[in-house]
Amino acid sequence: MSGGARTPLLTVEHLSMRFGGLVAVDDVGFTAYDREITAVIGPNGAGKTTLFNCLTGFYKPTAGRLALARGGGTFLLERMPAHLIARRAGVARTFQNIRLFAGMSVLENLIVAQHNRLQAASGWSIKGMFGLPSYRAAEREALEKAKAWLERIRLTRRADEPAGDLPYGDQRRLEIARAMCTDPVLLCLDEPAAGLNPRESSELAELLQDIRDSARIGVLLIEHDMSVVMRISDHVVVLDYGRKIADGPPDAVRDDPAVIKAYLGEDDEDELPPEVAADLGVGTAEGRP
Amino acid sequence: MAGSPYARGARDAAFAAFVAFVIALPMVGMRTVDRNLRLTLDFRLVEVASIVVLVFAGRFAMRLVGEGLARLVLPAAIAVVVGGWFADFATQTLKVVAVGGGLVVAATAILAIVKGARSARPVAPSAGPGLAARFAAGFQRSTVLVGIVGVAFAFALPLLPFADRRVLDVATTLLTYIMLGWGLNIVVGLAGLLDLGYVAFYAVGAYAFALLAMSLGLGFWEALPLAAVAGAVSGILLGFPVLRLRGDYFAIVTLGFGEIIRVILLTWVPVTGGPSGIGNIPRPDFFGMAEFVRRPVEGQVAFHQMFGLEFDVLHRLIFLYYLILVLALVVNVVTLRLRKLPLGRAWEALREDDIACTSLGIDRTNVKLAAFAIAATFGAIAGSFFATRQGFISPESFSFIESAIILAIVVLGGMGSQTGVVVATLVVIGLPEVFRDLAEYRMIAFGLGMVLIMLWRPSGLLAHREPTVRLHPAGGPPAETPAAGTAR
Amino acid sequence: MEYFLQQLVNGLTLGAVYGLVAIGYTMVYGIIGMINFAHGEIYMVGAFMSVIFFLLLGMFGLQWVPLQLLFVLFLAMAFTAAYGWTIERIAYRPLRSAPRLAPLISAIGMSILLQNAVQLLQGARPKPLPPIIQGKITLMTRADGFTVSISYLQIIIIVVTVALMAGFTLMIQRTALGRAQRACQQDRKMAELLGVDVDRTISLTFVIGASLAAVAGLMVVLYYGVIDFFIGFVAGIKAFTAAVLGGIGSLPGAMLGGLIIGIIEAMWAGYFKSELGEVAVFSILVLVLIFRPSGLLGRPEIEKV
């Protein structure tokens with residue numbers, strides 16, 4: 001899918017996260033490449049969201065290394081506080097249970113995402129207070145970027161409404177747009193298709209491919225909707241009980257016996273109900289790009 | 001539940017009356033009094049009985065209105081109001097309760113009748129937000145106009161014929177609270193941090209001002225900025241350790257800080273004068289040019305001489321009034337401006353969801369600290385004004401109740417709403433000031449008012465929020481809205 | 001050393017009282033996640049109830065102290081509980097789904113209302129009561145004649161507190177009410193779906209909290225012999241501090257926190273300036289919250305992302 005040599009963007013090595021006696025992530029390692037969509041899949045409780053929280057600094061991993069390559073340098077994410085991971089390393093994320101600024105307008109959500117650049121331009125609010133031209137220019141630029149994203153997610157008409165009033169699918173897309181407004185190099189999406197109907201899922205898949213190809217960044221995706229995963233990912237990592245059980249291109253992972261076992265339990269591979277098989281993409285031609 | 005509406009209402013009312021009986025029997029019915037150096041009880045059982053009857057009647061009436069019998073209740077309520085007005089009660093309070101309760105019931109009944117009549121009409125589904133909410137939204141939309149009229153009135157006030165000493169005094173007090181409310185609004189309304197110790201910064205400002213003015217002999221205009229700096233520094237010092245705490249813990253720690261500062265003021269006698277406070281704080285002069293005194297010191301001019309006026313004590317009061325008006329307006333303008341800047345948007349974003357803020361690269365601590373420091377500065381400036389206006393300060397003026405009042409103003413007004421602060425101040429401070437003669441009932445009414453307003457409008461009187469930036473002009477997006485226009 | 005022991009005994013007594021009030025805070029916070037700001041006033045009302053009923057029983061000529069105590073305890077608990085119930089019903093229940101600050105403001109309003117209503121009805125002057133239980137046991141005597149003693153009153157306070165504490169802990173662990181309470185604490189919506197009467201459970205929590213506060217009020221009346229309408233505020237803050245210190249939501253934590261606060265206050269008063277005792281208490285609160293926000297016995301809470 002992606003042409004040319006693959007550049008590693010995020011390298012995860014020996015990552016472990018313990019909560020008391022519970023090992024949520026156990027010695028996981030994988031690489032996510034630039035300009036690729038890497039999907040992390042696995043049954044409920046496999047440790048996917050914990051992995052994301054370690055990656056974005058909300059949890060401090062018990063052990064392991066998270067190295068992000070950006071602009072020739074390397075950021076060790078496990079040593080950085082969450083807000084610097086977003087700001088310096090350029091890792092943006094969305095949340096499983098959407099976290100928009102519900103009382104603020106759709107447009108404001110996209111402007112807040114550009115806080116750091118605007119704050120610098122406003123000279124600790126002093127230049128901004130007097131409306132100096134340099135700040136006005138920065139603000140105009142931020143507004144343009146927000147407008148462009150509003151067009152892209154087709155929310156221009158509702159720009160001034162509170163974000164919390166949007167329908168569910170729109171909120172999902174707005175959250176992605178908001179993350180993109182931080183100019184990330186790696187976009188982490190926690191179940192972006194959850195709760196979407198088939199048409200919305202398909203639109204989402206297009207949006208993600210579009211982001212990968214036009215913004216030229218890496219996308220890391222946690223997803224349960226296998227049709228989306230199989231259709232758009234370049235690379236799939238499978239977790240089960242906190243451990244990595246498979247890693248590779250979608251086709252290879254789909255046929256991996258360990259994966260099928262993890263999803264369906266032992267001895268069941270011969271008697272997959274057809275709809276489950278379709279969901280997983282096992283033995284069917286549909287769902288492929 | 002079975003039975004007629006009367007039986008149901010009566011059962012419900014009987015229960016309420018029973019609870020009222022239990023509550024009132026010891027507290028109202030048995031008063032502890034000193035007699036012959038010994039504590040003994042006075043019995044006021046008539047009052048208890050009246051309370052029980054009133055509660056029963058009130059609850060019964062409200063239930064009947066709820067059951068759709070408003071037309072029956074209305075005349076009875078009016079009868080109670082009229083009867084209560086002329087009848088003799090055991091105490092004046094009971095009379096007020098009877099008449100007031102009757103009025104409330106009557107009003108509810110009228111509302112129910114009107115609503116019933118409206119919904120009986122075939123078309124006109126009266127859906128949508130309630131009357132009060134729509135009024136609040138409309139009020140806020142015309143906020144520019146209301147603001148201009150309000151500010152113009154405020155500037156004209158001292159020139160109006162009825163502006164005597166008392167009016168100016170009350171107006172100055174109101175403006176002080178408005179300024180404090182606007183200051184705290186940054187922390188509570190915008191950043192969503194529940195600060196229960198805002199009075200600490202008010203105290204820091206007042207004491208810093210008094211000490212600077214007294215010990216270094218600084219004038220008002222030199223001491224004011226220094227006191228403001230002291231406020232900002234104390235805001236950062238106090239804020240730094242506590243800003244990481246979660247909501248309610250933050251609240252209780254700020255409360256603790258407020259109390260610590262008050263106790264320190266009480267006990268550090270050599271510096272603060274302890275409970276007896278600091279007196280003879282210099283009054284403000286006319287921008288360093290003239291003083292507000294009848295006979296100036298040799299070689300200086302007094303204000304009235306400078307302008308060739310008769311000496312009048314009101315001059316100083318008017319000057320103080322304009323001083324606080326300008327200070328408050330500065331706070332307001334700065335806040336309104338900040339709200340539209342990245343910092344202000346980050347405050348509101350923090351209030352909405354702080355985790356999402358972190359994920360966008362916003363440093364929560366810095367943003368919160370900025371809110372804390374700016375609000376502390378404003379609080380300290382208000383404190384300086386308080387010190388110079390009173391000429392005397394003591395720890396008594398900076399107790400928790402002050403923090404509670406300022407917080408109440410912010411929350412009752414509607415979180416983050418600047419106009420809300422003004423309206424709430426008029427209600428919370430203005431009404432009790434008007435009813436000053438009923439001093440002993442003031443605080444009761446204040447507490448009760450807080451509860452009732454929260455029950456009536458949990459998100460505040462003017463809770464409507466206007467976005468800081470718009471893509472489309474106010475009044476909704478352009479005509480292409482497909483769904484809205486289609487009538488069925 | 002002897003002086004230290006004496007202050008320890010005094011501190012334990014004080015701490016028992018704070019602990020009783022702290023339980024009310026901790027239970028309410030646990031179940032509906034709000035600081036019941038009016039709880040300090042409930043304790044004050046409880047103290048007034050105790051004074052009133054002592055006087056009333058005195059008028060009826062009931063002189064035998066144990067019976068007197070038992071009656072007052074029962075009456076004060078029952079009547080104060082009505083206050084707890086009513087406040088929840090009127091001022092908090094309608095605001096359960098309101099914005100976070102609304103119930104808190106309502107609670108502050110209630111607190112102001114109660115304080116001033118009691119001042120108006122019962123007068124602003126302090127209410128002294130002659131000592132009811134006298135006598136003490138001397139534990140040890142120093143060479144210079146300084147004695148370490150524990151009064152019968154202190155023994156009663158500590159014993160009653162421990163007994164109530166044990167009783168309520170058992171109740172929370174063993175009975176259906178306790179189960180319902182813990183269920184509501186975990187997930188109120190789910191509890192409701194599973195048939196727990198949430199309204200009733202929350203009401204009962206307030207009733208229990210208020211009656212324990214009434215016990216604390218009675219103890220204070222016995223211990224200091226004088227109360228006024230303003231005692232609720234400071235005691236309320238200290239008790240809340242105790243609840244937070246012990247780990248909010250945890251009953252043994254509240255008791256432990258109360259004891260620690262009581263001992264610190266007694267020690268501070270014994271060795272330093274007594275007025276600064278409050279500063280010490282608040283400083284500890286701040287330190288605990290910064291370094292161990294979950295309190296001593298509370299479970300550490302992971303920020304849910």
Side-chain angles (χ1 to χ4, degrees), chain B residues 19-20 22-23 25-28 30-34 38-41 93 188 194 196 241-242 244-253 255-257 259-260 263-264 266-267 355 359 400-401 404 407-408 411-412 415 440-444 446-455 458-460, chain C residues 29 33-35 45 48-49 51-53 55-56 59 78-79 82-83 85-86 90-91 94-95 98-106 108-118 120-123 125 127-129 233 237 240-241 244 273 275-276 278-279 282-283 285-286 289-290 293 303 305:
Chain B
V19 174
V22 173
I23 297 256
L25 180 63
M27 247 341 146
V28 180
M30 306 176 195
R31 309 286 178 84
T32 49
V33 284
D34 286 308
R38 273 195 61 225
L39 207 57
T40 160
L41 288 180
T93 321
V188 178
L194 180 52
L196 290 180
V242 302
R244 269 176 299 167
L245 300 175
R246 283 186 296 118
D248 294 311
Y249 285 176
F250 176 85
I252 214 77
V253 170
L255 190 157
F257 271 142
E259 282 298 292
I260 288 177
V263 174
I264 289 175
L266 264 176
T267 47
I355 287 175
S359 82
F400 168 72
I401 188 77
L407 181 71
V411 179
L412 296 180
M415 302 261 289
E440 45 186 5
Y441 300 100
R442 249 177 83 200
M443 289 312 284
I444 296 185
F446 175 65
L448 190 65
M450 269 167 90
V451 176
L452 292 181
I453 295 180
M454 275 297 106
L455 293 180
S459 30
Chain C
Y29 193 95
M34 76 170 273
I35 303 174
V45 167
F48 268 91
M49 294 289 175
V51 169
I52 290 170
F53 288 121
L55 294 174
L56 190 69
M59 284 180 171
F79 278 84
Y83 276 75
W85 185 87
T86 312
I90 292 179
L95 293 175
R100 196 170 56 88
L101 284 184
L104 189 88
I105 294 296
S106 183
I108 292 177
M110 258 304 163
S111 163
I112 294 172
L113 173 67
L114 276 177
Q115 210 180 82
N116 288 281
V118 171
L120 183 73
L121 291 169
Q122 299 287 348
R125 303 261 300 275
K127 305 288 169 192
L129 208 63
F233 175 62
I237 293 179
F240 185 79
T241 305
V244 172
K273 261 185 150 163
E275 307 93 63
L276 287 178
E278 277 170 45
V279 175
F282 286 127
S283 310
L285 172 72
V286 173
L289 283 180
I290 290 168
E303 197 168 32
V305 178

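Here is the naming used below: chain letters follow the sequence lines, and residue numbers restart at 1 for every chain. Bear in mind the structure is a predicted one, so any value in this text is a computation, not a measurement.
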Counting heavy-atom pairs under 4.5 angstrom with chain B, the leader among C:Leu56, C:Val244, C:Val118 is C:Leu56
Sorted by chain and residue number, the side chain to side chain contact (heavy atoms under 4.5 Å, CB included) partners of C:Pro94 (sequence neighbours excluded) come out as B:Leu455
Backbone N or O of C:Ile237 within a donor-acceptor pair of the C:Thr241 side chain at under 3.5 Å? yes
Assess whether side chain to side chain contact (heavy atoms under 4.5 Å, CB included) is satisfied between C:Tyr83 and C:Leu114, documenting all intermediate values. CA-CA 10 Å; C:Tyr83 276 75; C:Leu114 276 177; 4.1 Å; yes
Heaviest contributor of heavy-atom pairs below 4.5 Å to chain C, chosen from B:Asp34, B:Leu25, B:Leu39, B:Val22, is B:Leu39
C:Gln122 side chain to B:Met30 backbone, donor-acceptor under 3.5 Å
yes
Greatest number of non-hydrogen atom pairs under 4.5 angstrom with chain C, of B:Val253, B:Thr32, B:Leu452, falls to B:Thr32
When the 4.5 angstrom heavy-atom criterion is applied to C:Ile52 and chain B, the contacting part is both
Whatever's closer than 4.5 Å to a heavy atom in chain B on C:Ser283 counts as both
If one checks every heavy atom of C:Ile105 against chain B at 4.5 Å, the contacting part turns out to be both
**Message:** Does the plane of the ring in B:Phe400 sit parallel, tilted or perpendicular to the ring in C:Phe233? Use 30° and 60° as the thresholds.
**Reply:** parallel
Most contact-rich option vs chain B, by heavy-atom pairs under 4.5 angstrom, among C:Met110, C:Met59, C:Met34, is C:Met59
On a heavy-atom basis, the closest approach of C:Ala91 and C:Ser106 is O-OG, 2.9 Å
Ranked by heavy-atom pairs below 4.5 Å to chain B, first place among C:Pro103, C:Ala98, C:Gly33, C:Pro128 goes to C:Pro128
Minimal heavy-atom distance between B:Ala404 and C:Ile108, with the atoms involved, is CB-CG2, 3.7 Å
Okay, B:Ile453 and chain C: the region with an atom under 4.5 Å from a heavy atom over there is neither
One option among C:Val51, C:Ile90, C:Ile112 has the most heavy-atom pairs under 4.5 Å with chain B, and it is C:Ile112
